[in-house]
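Because the structure is predicted, anything quoted here is derived from the model rather than measured. Chain A is the first sequence line, chain B the second, and so forth, proteins listed ahead of strands; every chain is numbered from 1. In what follows, every heavy atom counts, from backbone to side chain, and hydrogens, waters and symmetry copies are set aside.
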2 protein chains.
Amino acid sequence: MRLLLIEDDASLREGIRTALKSEGYTLDSLSDGLQAVHALQHEVFDLVLLDLGLPGLDGLSVLKTLRADGKATPVLILTARDAVTDRITGLDSGADDYLIKPFEITELKARIRALLRRSAGRANSQLDLGILRLDVNSQSVFFQEAPVSLTRREFALLHELAHQPGHVFTRDHLQQLLYGWDDDVESNALEVHVHHLRKKLFPGLIRTLRGVGYALDKDARP
Amino acid sequence: MRLLLIEDDASLREGIRTALKSEGYTLDSLSDGLQAVHALQHEVFDLVLLDLGLPGLDGLSVLKTLRADGKATPVLILTARDAVTDRITGLDSGADDYLIKPFEITELKARIRALLRRSAGRANSQLDLGILRLDVNSQSVFFQEAPVSLTRREFALLHELAHQPGHVFTRDHLQQLLYGWDDDVESNALEVHVHHLRKKLFPGLIRTLRGVGYALDKDARP
DNA sequence: GCGCAACCTTAAGCCAATATTAAGCGGCCC
DNA sequence: GGGCCGCTTAATATTGGCTTAAGGTTGCGC
């Protein structure tokens, strides 16, 4: 899961970063509204954390632009202003939830989980692919009804692929999913994770598209 | 067990808090109806204590919203108004029980126990996992028929895990169970409790899912 | 078939997550 | 008010995942 945080207070940014990292999310952050609009137009995120009081272009405008572009990405507003009108404006402009600063990190985490669950298309957080079953809440995987223990990265990767079996995900897309922009992954880490998944499940599960990326083979059998 | 108290009288809130703390419950409290609706939509509680006379959004509306969202969480109404119509409206709106102020704390405790027992769907408050047996009323645990003395936190933790052996509970979930929102647990308290449980019972009982949480291993033996 | 590029496999070191241990604090019972 | 018990915190140890790099293998164009 890849989140974008738009917040100009550097220390708050760092706090949120460390908190969310431990949850297994990939977090990219920006401090400026214009950059945010640009990023949202050119990259794909699963959820946006948006501060309303931004320098440059303010948060509400970022939100409105996002919606005007037809994106349904869930947006969680963070605001120091607790005036009712602000919340309402935010929600009317297409935000999905709001949180008033200062807030508890555990509450932030809970809200994020709720939004992601909701946007995943409803209550049960299970992904059933016949032979394979993923449970997002507990990050657990069942293969032929037997539990398989995956690490966080492995799970994140499988989860993305499982979202649309058969669809080809480019290497670039998957690398961004796992690492965001921060790191310049000049290594084959992605390939290693793919390897581990094939080993823990079965080799044919993930198909390689040479020079392009990977896809889950929905009809593959062990 | 995590309870939510919605009550605008601060002193009553504090009284209930200390009383229930000693019973081993985790209590979060709010004084405002709107906040309550929000909390109930985004978090999970085992029981709600609801004052009918609230500022902002009144208690009945909170209750109706909760039920409209399809939640079956037990609700115990606290009200100063003892008019028969009020009670009836409350029960009709989906409350499970009511208590008229002023009430005895012991009575509150008894009602809470009864509601929780009822909602757990079993008459007797014993949880039998073969090798392990928990008695919720007396907060006692038997391991291979021998009594084991657990502290409140240890019991609460084990109880939650025992609710669904094999199911993975996230660290976050367990921390909220033990501490609610109040404390900023920036420590490894949860891990320490897990450690103590493993020591008093046996190491294999609780399985660690790195980066995710813990689960009771139902087939584990000492 | 040859050679290159893309990808796979393996293993080792580093680092973060969790376990362990111990000490200090605070409430509660006598 | 003193002592005990449980809870939290902190410091240290250990485990296990992540990354990296090196060498092997496969597929593809010529």
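Checked against D:dG17, D:dA10, D:dT19, the side chain of A:Thr151 finds its nearest nucleotide in D:dG17.
Within 4.0 Å (heavy atoms only), A:Phe155 reaches no atom of the nucleic acid at all. Within 4.0 Å (heavy atoms only), A:Val192 reaches at least one base atom of the nucleic acid. Contacts of A:Arg210 with the nucleic acid, taken as non-hydrogen atoms under 4.0 Å apart, include base atoms.
Each of B:Arg153 and A:His193 was matched to the nucleotide of DNA chain D holding its nearest heavy atom; the match closer to the 5' end belongs to B:Arg153. Comparing B:His195 and A:Arg198 along DNA chain C, the residue whose closest nucleotide (by nearest heavy atom) sits nearer the 5' end is A:Arg198. Nearest-nucleotide positions on DNA chain D for A:Glu154 and B:Lys200 put B:Lys200 closer to the 5' end. Heavy-atom distances to DNA chain C give each of A:Lys199 and A:Val212 a nearest nucleotide, and the one nearer the 5′ end belongs to A:Val212.
The aromatic rings of A:His196 and A:His193 sit perpendicular, their planes meeting at an angle over 60°, well past the 30° parallel limit. Ring-plane geometry between A:His159 and A:Phe155 is classed as parallel, the angle between the planes falling under 30 degrees on a 0 to 90 degree scale with a further cut at 60.
Rounded to whole Å, the distance from CG on B:Asn188 to P on D:dC7 is 15 Å. Note: NE2 (B:His196) to P (D:dC5) measures 15 Å, nearest angstrom. Atom NZ of B:Lys21 is separated from atom P of D:dG6 by 15 Å (rounded to the nearest Å). Nucleotide D:dC7 holds its C1' atom 15 Å from the CD atom of B:Glu191, rounded to whole Å.
Using a 3.5 Å distance cut-off with no hydrogens or angles, the side chains of B:Asp9 and B:Ser11 do pair a donor with an acceptor.
When the side-chain nitrogen and oxygen atoms of A:Tyr179 are compared with OP1 and OP2 of D:dT19, one or more of them lie within a distance under 4.0 Å.
In this structure, B:Glu7 pairs ionically with B:Lys101, as a charged nitrogen and a carboxylate oxygen lie closer than 4.0 Å. In summary, A:Asp217 and A:Arg207 engage in a salt bridge, as defined by a charged side-chain N under 4.0 Å from a carboxylate O.
Contacts between chain B and DNA chain C, taken as any atom within less than 4.0 angstrom of a protein heavy atom, begin and end at C:dA17 to C:dT21.
Counted within 6.0 Å of NE2 on A:His38, heavy atoms from surrounding residues, nucleotides or ligands total 12 or fewer; the atom is thus considered open.
Under the side-chain contact (heavy atoms from CB on, under 4.5 Å) criterion, B:Glu23 pairs with B:Tyr25, B:Lys109, B:Arg113, sequence neighbours left out.
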